[in-house]
Amino acid sequence: QVQLVESGGGLVQAGGSLRLSCAASGMPFGINAFGWYRQASGKQRELVAGISSGGSTNYADSVKGRFTISTDIAKNTVYLQMNSLKPEDTAVYYCNADLLLITRMRRQEYWGQGTQVTVSS
């Protein structure tokens with residue numbers, strides 16, 4: 001129905017930067033919100049950053065001032081710019097989309113496959 005394709009993960013040294021992208025495609029939809037989550041080994045999944053259709057954003061305290069979430073509505077894409085990366089940022093990052101399916105007029109959430117971000121000391 002809808003697919004979320006993530007890219008941009010990889011290995012980076014502490015202090016470096018990465019930019020994650022997540023593009024949504026498939027059946028027609030409207031966007032309620034996008035979010036980025038992460039799950040480190042042995043830990044629960046946590047919200048990193050979110051952005052609503054109105055443009056409001058929220059961030060986990062651990063990434064405030066370092067990460068920025070943004071969207072390109074025309075491309076149905078959400079980004080996560082990650083600066084000043086720390087080893088504790090190492091995790092699998094997942095894109096989440098809260099969508100309105102136009103043909104069904106039904107709200108539905110979708111998840112990306114996850115992309116690994118590894119920050120070395």
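Along the sequence shown, the residues carry numbers beginning at 1.
- Counting only residues at least two apart or in different chains, disulfide bond (SG atoms under 2.5 Å apart) contacts with residues 50-90 are absent.
- Met82 places a side-chain heavy atom less than 4.5 Å from the side chain of Val117.
- In this structure Pro87 satisfies the side-chain contact (heavy atoms from CB on, under 4.5 Å) test together with Ala14, Val119, Ser121, sequence neighbours excluded.
- Thr71 OG1 to Ile31 CD1: the interatomic distance, rounded to the nearest 0.5 Å, is 7.0 Å.
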Quiz prompt | side chain to side chain donor-acceptor pair (under 3.5 Å) between Tyr93 and Gln39, worked out | solution = CA-CA 7 Å; Tyr93 284 70; Gln39 187 167 18; over 6 Å; no
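- Within the structure, the disulfide bond (SG atoms under 2.5 Å apart) test picks out no pair touching residues 38-94 (sequence neighbours left out).
- Among residue pairs with one or both ends in residues 70-85, none qualify as salt bridge (Lys or Arg N to Asp or Glu O under 4.0 Å); sequence neighbours excluded.
- Under a hydrophobic clustering in which Ile, Leu, Val, Met, Phe, Trp and Tyr are joined whenever their side-chain heavy atoms come within less than 4.5 Å, directly or via other members, Leu20 and Val12 fall into the same cluster.
- Counting only residues at least two apart or on different chains, no ring-ring contact (aromatic ring centres under 6.0 Å, His included) pair has a member in residues 56-81.
- Residues Phe29 and Leu100 fail the side-chain proximity criterion, which asks for heavy atoms closer than 4.5 Å.
- The stretch residues 47-65 participates, sequence neighbours left out, in these salt bridge (Lys or Arg N to Asp or Glu O under 4.0 Å) pairs: Asp61-Lys64.
- Every residue meeting the side-chain hydrogen bond (donor to acceptor under 3.5 Å, both in side chains) condition with Gln116, not counting sequence neighbours, appears here in chain and number order: Thr118.
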Quiz item: Would Asn58 and Leu47 satisfy side chain to side chain contact (heavy atoms under 4.5 Å, CB included), going step by step from the backbone distance to the final call?
Solution: CA-CA 9 Å; Asn58 63 286; Leu47 176 67; 3.3 Å; yes
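- The distance from atom CD1 of Ile69 to atom CH2 of Trp36, rounded to the nearest 0.5 Å, is 8.0 Å.
- Taking CD1 of Ile73 as the start and CZ of Phe34 as the end, the distance is 7.0 Å to the nearest 0.5 Å.
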Donor-acceptor pairs are to be reported for all side-chain atoms of residues 3-11 against protein atoms at under 3.5 Å, with residues two or more places apart or in another chain.
unit_1	atom_1	unit_2	atom_2	d
Glu6	OE1	Gly114	N	2.8
Glu6	OE1	Thr115	N	3.3
Glu6	OE2	Cys95	N	2.3

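- Within the 4.5 Å cutoff, no side-chain heavy atoms of Gln108 are placed close to those of Val2.
- Taking Thr68 as the reference, nothing meets the side-chain hydrogen bond (donor to acceptor under 3.5 Å, both in side chains) condition, with sequence neighbours excluded.
- Pairs passing the side-chain hydrogen bond (donor to acceptor under 3.5 Å, both in side chains) check and including a residue from residues 82-91, sequence neighbours excluded, read Ser17-Asn83, Arg38-Asp89, Arg66-Asp89, Gln81-Asn83.
- Residue Val48 is grouped with residue Leu85 when hydrophobic side chains (ILVMFWY) are merged at heavy-atom distances under 4.5 angstrom, including chains of intermediate members.
- Applying the side-chain contact (heavy atoms from CB on, under 4.5 Å) test to Asp98 and every residue at least two apart in sequence or in another chain returns Asn32, Ala33, Arg107, Glu109.
- With sequence neighbours excluded, the residues that form a ring pair (Phe, Tyr, Trp, His ring centres under 6.0 Å) with Tyr37 are Trp111.
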